[in-house]
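Side chains included, hydrogens not; waters and symmetry mates left out as well; all remaining heavy atoms used. In what follows, chains carry the letters A, B, and so on, assigned in the order in which the sequence lines appear, proteins first and then strands, with residues in each chain numbered from 1.
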Amino acid sequence: MARKFVLAPDNQVARTSLTINYQDELNPQQYDVVTSGAGPSLVVAGAGTGKTRTLIFRVAYLVETGVPPDHILLLTFTRRSAAEMLNRASQLLDGRCQRVRGGTFHAYALSILRRHAPSIGYPRNFTILDSGDSADVIDVLRTASGFHKSDKRFPRKRTIYSIISACSNGEQDVAEVVADKYPQFVDMIDKIGILREQYHQYKLTHGLMDYDDLLSKTVLLFENNRALRDSESARCRHVLVDEYQDTNRLQARMVAHLASVHRNVMAVGDDAQSIYGFRGADTKNIFQYPEIFEGTTIYKLEHNYRSTQQILNLANTLIEQSTVRYDKKLFTEKPDGELPAIVGAADDQYECRFVCQMIMRLREEGIPLHRVAVLFRNSHNSFGLEIELNRRNIPFIKFGGLKLNEAAHIKDVLSYLKILENPRDAVAWTRVLQLLPGIGPKTAADLVEWISSRGSEAFELTGRSHSPRYIDGLKKLFNMLRAASVTTISLPRQIEMVLEYYDPILKEKYYEDFPKREQDLEQFASLTDQFKDRESMLSSMALDPIELTALDADGEEKDEQPLVLSTIHSAKGLEYHTVFVIQALDGVVPSTYSLKEPGGLDEELRLLYVAVTRAEENLFITYPMVQYRRFQGDYMVRPSRYLDEISDAILEPWTLVETPTPSSQKLLS
DNA sequence: TTTCCCAAGCTTTTT
DNA sequence: GCTTGGGAAA
């Protein structure tokens, strides 16, 4: 019979020599978490309860008590938060935490796959598809299969891709997902299923992985090869997972595998802040955690240090409207502050003016711009405000929304680089070939098949005849690729060669606005300096896309840190002195799309909860009362339904009044 | 087979 | 307002 030997913690020895006085730095609940022993634990931490701080101290504590930094793995939701946490932990212990491994699930999975991909039939230099690329593959397959012709209405490529993606993330089959979320396509389940198979096959033969593959192939790798799994698990003696409420089933499985040897997992999360359901996040994960990890110690952090009681009252009242129960009531000992305000503006213009003027007033009162955030549901909700901010020369940075590498011209350039990295990358080839005159989808498909059927001489034109219609273009393309693929050429030089080649194509294709796009490309080229090689640049572009609008903010005068504009999703985990939630309209939060989704209304409510709990001192929720829509003219809109029942004592209504002008005063007197 | 033009349809949040 | 799809000309 197998036996267990229980090791006593070794901490006692080290405790005397700790450089940080944990007891002074943390409250008792946090202290328990930070100094907890081995084995699985779950920390249920409400908004603003020092979750990040606790994790950072936990890392420091582990390092101080003798865990080698590179045996700690910190999985976070975004690269931004991973970097910030590791940085803060390093500061605590003057640099000793630097070698802690950290990143997103996807980034960590990638690092494993780069080493072990061959054992599941993938090349080591596989390329990563973003969702646009994935949809393009689907498009090629759909056209080839002729499905779009036979049926009256076949789903669009993006829809098909999201069905396939939902299958992987939720570990479901096509029939389940379609029945659940796309009942209008039940007739086509078989065909979508076939496409799904073809899509997987296509990726395999061309060395491509999409975002979901990074997770699912890693799990597959672990399940096929227990020895490998155990050695990976042994490489991280402590696994810490942030934002656990937003993990999906695959990610939960991955965590379980990583903990298989030592069972030292600490998951931190807040079920009331789960806002990634659309990506397969499953709140059930957090509840099932104690079942998956037998003997889990559960900790709760409830003491909020971020917000005033007035803001927490609103947050608590909001979340009570949920049909799901959350048994947390946030409290604080912070001195009282102002009541949160609900500001009804006459229209979008008035709303923008109010936000701008209030920001200026706060700045005069000494609140720096970067401590103020404007949050919104959809990235386009801030367009009007952005114009107004520009007009007033208020610097801002925007998170969420369009990414630099989603722009067509950047995707073009990246495709050349992807081909250099992985000459089997059919997606990149398809894109690049179609940029040549005389080559459309059909010829491109033929050529791609020919190219990928050959081995190493991918950049040679020999062995096949080519139509004079496009032979010149093809020659130029292959010459450039051959020249740039010489291994001694540096990455910046490669990019230069690609851009030089691409410039005439850009001018031809985007003759109306190529100067703007040329600028983007220049910016792109300058950003790539920081990467050590082509592979890391391409991976990084895929996993951590550059925010287009984050760059637009005047880079010239950096004397003042800019105001933050952000989608609520991108603001997760962050905090600001003052928060504006703009466009708090019914149909925006909750979004009209959410009405159809099961559990959609609850999720949107949590979204508003997340937005509200970002605020430390001041909170303004604003909305216009009238909006203009094409063909309909002005029409009335109403504020978010979640705000309907909230009393004036919790959320104070403000009205905007115009300064009386001299002429109107005359009228009065 | 490519490319151009017009009509239709849809439109969120992110790794 | 933009992308996507279909149809027709080159």
I need the [atom1]-[atom2] distance between [X] and [N], as an integer number of Å.
X      : N      : atom1 : atom2 : value
A:L433 : B:dT2  : CG    : C1'   : 15 Å
A:L595 : B:dT12 : CG    : P     : 15 Å
A:Q434 : B:dT3  : CD    : P     : 9 Å
A:E406 : B:dT13 : CD    : P     : 10 Å
A:Y510 : C:dC2  : OH    : P     : 14 Å
A:K217 : B:dT15 : NZ    : C1'   : 17 Å
A:F77  : B:dT13 : CZ    : P     : 14 Å
A:R606 : B:dT13 : CZ    : C1'   : 13 Å

Looking for any heavy atom pair under 4.0 Å, which part of the strands does [X] touch: base, sugar-phosphate only, or nothing?
X      : result
A:L215 : nothing
A:G438 : sugar-phosphate
A:S379 : sugar-phosphate
A:R377 : base
A:F105 : nothing

Looking only at heavy atoms, which two atoms of [X] and [Y] are closest? And how far apart?
X      : Y      : result
A:E223 : A:R253 : OE2-NE, 3.0 Å
A:A571 : A:R614 : O-CD, 3.5 Å
A:Y642 : A:L601 : OH-O, 2.6 Å

**Item:** Consecutive-pair stems (3 or more, Watson-Crick or G-U, under 3.5 Å) for DNA chain C
**Value:** B:1-10 with C:1-10
Identify each donor-acceptor pair in which a side-chain atom of residues 437-447 of chain A lies under 3.5 Å from a protein atom, sequence neighbours left out, and give them as a table.
none

**Nearest-angstrom distance, C1' atom, B:dT13 to C:dT4** = 22 Å
**Prompt:** Distance between the C1' atoms of C:dG5 and B:dT12, in whole angstroms?
**Reply:**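 Those two atoms are separated by 23 Å.
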**Request:** Please determine if a side-chain N or O atom of A:T567 lies less than 4.0 Å away from the OP1 or OP2 oxygen of B:dT14.
**Result:** yes
**Request:** Taking only the side-chain nitrogens and oxygens of A:S570, find out if one of them lies under 4.0 Å from OP1 or OP2 of B:dT14.
**Result:**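 It does, given that an N or O in the side chain of A:S570 lies less than 4.0 Å from OP1 or OP2 of B:dT14.
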**Item:** Cation over ring face, A:K217 and A:Y122, 6.0 Å, 45°
**Value:**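 Ring-cation test returns no.
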**Message:** Using a 6.0 Å distance limit plus a 45 degree cone around the ring axis, check whether A:R114 lies over the aromatic ring of A:F126.
**Reply:**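 The answer is yes; both the distance and angle limits are met.
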**A:S168 versus A:S165, side-chain donor and acceptor atoms under 3.5 Å** = no
Between [options], which nucleotide has the shortest distance from any of its atoms to the side chain of [X]?
X      : options                : value
A:N378 : B:dT11, B:dT13, B:dT15 : B:dT13
A:K157 : B:dT2, B:dT15, C:dT4   : C:dT4
A:Y593 : B:dT14, B:dT12, B:dT1  : B:dT12
A:R279 : B:dT15, C:dT4, B:dT1   : B:dT15
A:R142 : B:dT15, C:dG5, B:dT13  : C:dG5

**Message:** Quick check on DNA chain B: between A:P545 and A:R469, whose nearest nucleotide comes earlier from the 5' end?
**Reply:**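 Its nearest nucleotide being more 5', the pick is A:R469.
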**Request:** Compare the aromatic ring of A:F278 with the six-membered base ring of B:dT13 and state whether they stack according to the 5.5 Å and 30° rule.
**Result:**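 Check passed, A:F278 stacks on base of B:dT13.
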**Request:** Please examine the side chains of A:F77 and A:T104, heavy atoms only from C-beta on, and report whether any two atoms are closer than 4.5 Å.
**Result:**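 No. Closest side-chain heavy atoms not under 4.5 Å.
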**Request:** Only one of A:I568, A:I582, A:V588, A:V589 passes side-chain contact (heavy atoms from CB on, under 4.5 Å) with A:F376; say which it is.
**Result:** A:I582
**Message:** On the side chain of A:R156, is there an atom forming a donor-acceptor pair with the base of C:dT4 - under 3.5 Å, no angle test?
**Reply:** no
